[in-house]
There are 2 protein chains.
Amino acid sequence: MKHAMETYQFFFGALANPNRLHIINTLRQGKKNVTEICTATGIEQTMVSHNLKVLEHHGMVFREKEGKYRYYTVNKKTIKPLLEFIDAHMEEYCCKIMGKKR
Amino acid sequence: MKHAMETYQFFFGALANPNRLHIINTLRQGKKNVTEICTATGIEQTMVSHNLKVLEHHGMVFREKEGKYRYYTVNKKTIKPLLEFIDAHMEEYCCKIMGKKR
DNA sequence: TTCATATGTGAGATAAATATCATATGATAT
DNA sequence: ATATCATATGATATTTATCTCACATATGAA
């Protein structure tokens, strides 16, 4: 059943990256344009653009044009419950693993 | 807030891999030992062992010893709702993306 | 139109994850 | 004790993802 599982690889692959998670996290505070994301996260602009493209393609963020700016918002309907679900999983099955490596 | 996000990278990193997803999928049918996982998935034994180790470390599967066999079970409490949640996300935000690349 | 600011894209360089191989350990049977 | 089957581990080879750089496009201002 490799086929059905490809969907999940697609999904998880989008989120298994520190820069993308950092961007998602900063967008949880509210919508931001690319430059604002850069200053908030300290990530270089072209890297931010590359990663925003991935996130948008995976439905994790949305984009809206405003003049010369592109404002991005996080997909709260997906991200919020997902992160909460993971918190619960980690609490129950991986308590005290983080803090060490991997 | 890179710190809080590391947890999520840890979590997603465990699942963003085709072999590990393949193993998880085959374990959904019921518990299997390593050799059974190999034949069911077609993945080489050492690769299966390496990946099972990762999955166990992340609380995605559990292991129980039975004589010379090690039986693995999937963490249904996490995996089942997670995959269903992703199905819903994909349906709503990524419909018709899969089938193409990435 | 020309310039400055904002953002996006492609390609090569770099880093990280995965696969493979050789071998180790552990258990049961002979 | 030895042989065999089951599983695990470590090191290197290979693949894949990420980062960086040079440049492209787009918008609004001067």
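On a predicted model such as this, the values are computed, not experimentally measured, just so you know. Residue numbers begin at 1 in each chain, while the letters A, B, ... track the order of the sequences.
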With a 3.5 Å cut-off and heavy atoms only, can you find an N or O donor on one side and an acceptor on the other between the side chain of Thr46(A) and the base of dC19(D)? no

Looking at Lys31(A) and Glu36(A), is there a salt bridge between them, counting it only when a charged N and a carboxylate O are closer than 4.0 Å? no

Any chance the rings of Phe10(A) and His57(A) have centres within less than 6.0 Å? yes

From dA19(C), dT5(C), dG8(C), nucleotide with atom closest to Lys68(A) side chain: dT5(C)

Spacing of Glu66(A) atom CD relative to dA26(D) atom C1', expressed in whole Å: 16 Å

Using a heavy-atom cut-off of under 4.0 Å over every strand shown, decide if Ser49(B) touches base, sugar-phosphate, or nothing. base

Is there a side-chain polar atom (N or O) of Arg63(A) under 4.0 Å from OP1 or OP2 of dT7(C)? no

Here the distance between atom P of dA6(C) and atom OH of Tyr72(A), to the nearest Å, is 15 Å

What is the separation between atom CG on Asn33(B) and atom P on dA27(C), rounded to the nearest whole Å? 16 Å

How long is the line joining CD1 of Ile43(B) and C1' of dT18(C), in whole Å? 12 Å

Grab the CZ-C1' distance between Arg70(A) and dG28(D) for me, whole Å please. 13 Å

Just to be sure I understand the rule, does Tyr71(B) reach a base, reach only the sugar-phosphate, or reach nothing, if contact means heavy atoms closer than 4.0 Å? nothing

To the nearest angstrom, the CD-C1' distance between Glu56(B) and dA8(D) comes to 12 Å

With sequence neighbours left out, write down each residue that passes ring pair (Phe, Tyr, Trp, His ring centres under 6.0 Å) with Phe11(A), or none if nothing qualifies. His89(B)

For the residue pair Tyr93(A) and Met60(B), establish whether any side-chain heavy-atom pair is separated by less than 4.5 Å. no

Length of the NZ-P vector between Lys65(A) and dT25(D), whole Å: 15 Å

Report which part of the nucleic acid Glu44(A) touches: base, sugar-phosphate, or nothing (heavy-atom distance under 4.0 Å, all strands). nothing

Met47(A) has a side chain; which of dT20(D), dG8(C), dT7(D) sits nearest to it? dT20(D)

Choosing from dA8(D), dT9(D), dA6(C), which nucleotide comes nearest the side chain of Tyr69(A)? dA6(C)

Check the phosphate of dA17(D) against Asn17(A), side-chain N and O only, distance under 4.0 Å to OP1 or OP2. Yes or no? no

Starting from P on dG10(D), measure out to CG on Asn51(B) and report it in whole angstrom. 16 Å

Nucleotide nearest Lys53(A) (side chain, heavy atoms from C-beta), chosen from dT9(D), dG10(C), dT27(D): dG10(C)

Under a 3.5 Å limit on both distances, the Watson-Crick or wobble mate of dT1(C) is dA30(D)

Classify the side-chain pair Asn33(B)/Arg70(B) by whether it contains a donor and acceptor separated by less than 3.5 Å. no

Donor-acceptor pair under 3.5 Å, Gln45(B) side chain vs dA6(D) base: no

I need the Thr35(B) OG1 to Tyr69(B) OH distance, nearest 0.5 Å. 7.5 Å

Considering only heavy side-chain atoms of His50(B), the closest of dG8(C), dC19(D), dA11(D) is dA11(D)

